[in-house]
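Counting starts at 1 for both ligands and their atoms, following the listed order. On a predicted model such as this, the values are computed, not experimentally measured, just so you know.
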Amino acid sequence: MIPEQTSVFHATSPQTRAIAQLFDFDLAIAAAIFLTVAGLVTICVIRFRRRPGQGEPRQDPGNPRLETVWTVIPALILCALLAATAYTMLAVNPPVGAREPDVVVVAHQWWWEYRYPRAGVVTANELHLPAGSNCLLRLESADVIHDFWVPDLAAKSDAIPGHPSYLWINPEQVGVFTGSCAEYCGMCHGQMGIRVIIEPAAAFAQWLASQRALHGAPVAEDARRGQRLFLERTCMNCHAIAGTPAAGRVGPDLTHLGGRQTLAANVLDNTASNLAHWIRDPQAIKAGCHMPDLQLTAQECRDVAAYLEALP
Ligand code: CUA
């Protein structure tokens, strides 16, 4: 499997670098406050501790100058934090204006749909983006509130039904980055993984072109049986495969499933045996998911898997 990275401390875009800088700034201020307060408390505890034979200490009814100072200083610190946060938010998510999104991300229980409107491409669970370009994502949801979070690449952003939000990503490094849904959205929230594949611009263009290609009829005998099952059983009510009558939009588009690295939203490696297992007993892999058990035999599951794996 291709190595993958997930870390809030590993910034690979201007967006995450700005967020990391804000974190460092906040952490430095918090550390300074902690050291000042803890240091003064320690000095007071030692220096003004009760000594034998000492009576009641002098009572002080208040000190307006001191109270002004310890009100004004925290207020100024909070103003500085607010200004730094507002500056970072604007740097990370500048106004979208009239720009059309490069990718429309639609969150579903419990998978991600990615549409590339200009190319007319629809895919699922693995987001491909070109390195070195400024990408605009529009986040939508088909059901409940989800949250798109890939810590290395972009800010964390909610996907809210009926209220699209926008997310800028300017990926600088080629690689595979993972993330997850970060807003509790039901049974399989913990298995709603995100996989982002950042490629050089030429490789990305090639991938996008490959996603538009249609497949011919399956060649191998088991794949032919698999296609028949796919179209005759209820698979096609939920899934689409371009170039066939299957046009369901409830589940992920499977037109190029064979070319993906993982299955079930970054839960399983994409192998024929994992796919057959997933078709045979989805609830065993992702309890509560909406993929039904179609009561196919083990051989039928292998045939459907053979068909889908032959769709690169
Ligand atoms: Cu989708 Cu949590």
Test of understanding: with side-chain hydrogen bond (donor to acceptor under 3.5 Å, both in side chains), list the residues that count as partners of Glu140, not counting sequence neighbours.
Arg138
Are Phe25 and Leu81 close enough that some pair of their side-chain heavy atoms sits under 4.5 Å apart?
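Yes - at least one pair of side-chain heavy atoms lies under 4.5 Å apart.
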Quick one, Thr12 and Ile198 - any side-chain contact, counting heavy atoms below 4.5 Å?
no
Within a distance under 2.8 Å of atom 2 (Cu) of ligand 1, the protein atoms of type N, O or S are Cys181 SG, Glu183 O, Cys185 SG, His189 ND1
Report the C-alpha distance between Val45 and Thr42 in whole Å, list the side-chain angles of each, state the deciding distance to 0.1 Å, and finish with yes or no for side chain to side chain contact (heavy atoms under 4.5 Å, CB included).
CA-CA 5 Å; Val45 163; Thr42 310; 5.8 Å; no
Strictly distance-based, threshold 3.5 Å: is any side-chain N or O of Thr16 a donor or acceptor partner for the main-chain N or O of Asp152?
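Yes; at least one donor-acceptor contact below 3.5 Å.
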Measure up the Trp110 and His290 rings against each other and bin them: parallel (under 30°), tilted (30 to 60°), perpendicular (over 60°).
tilted
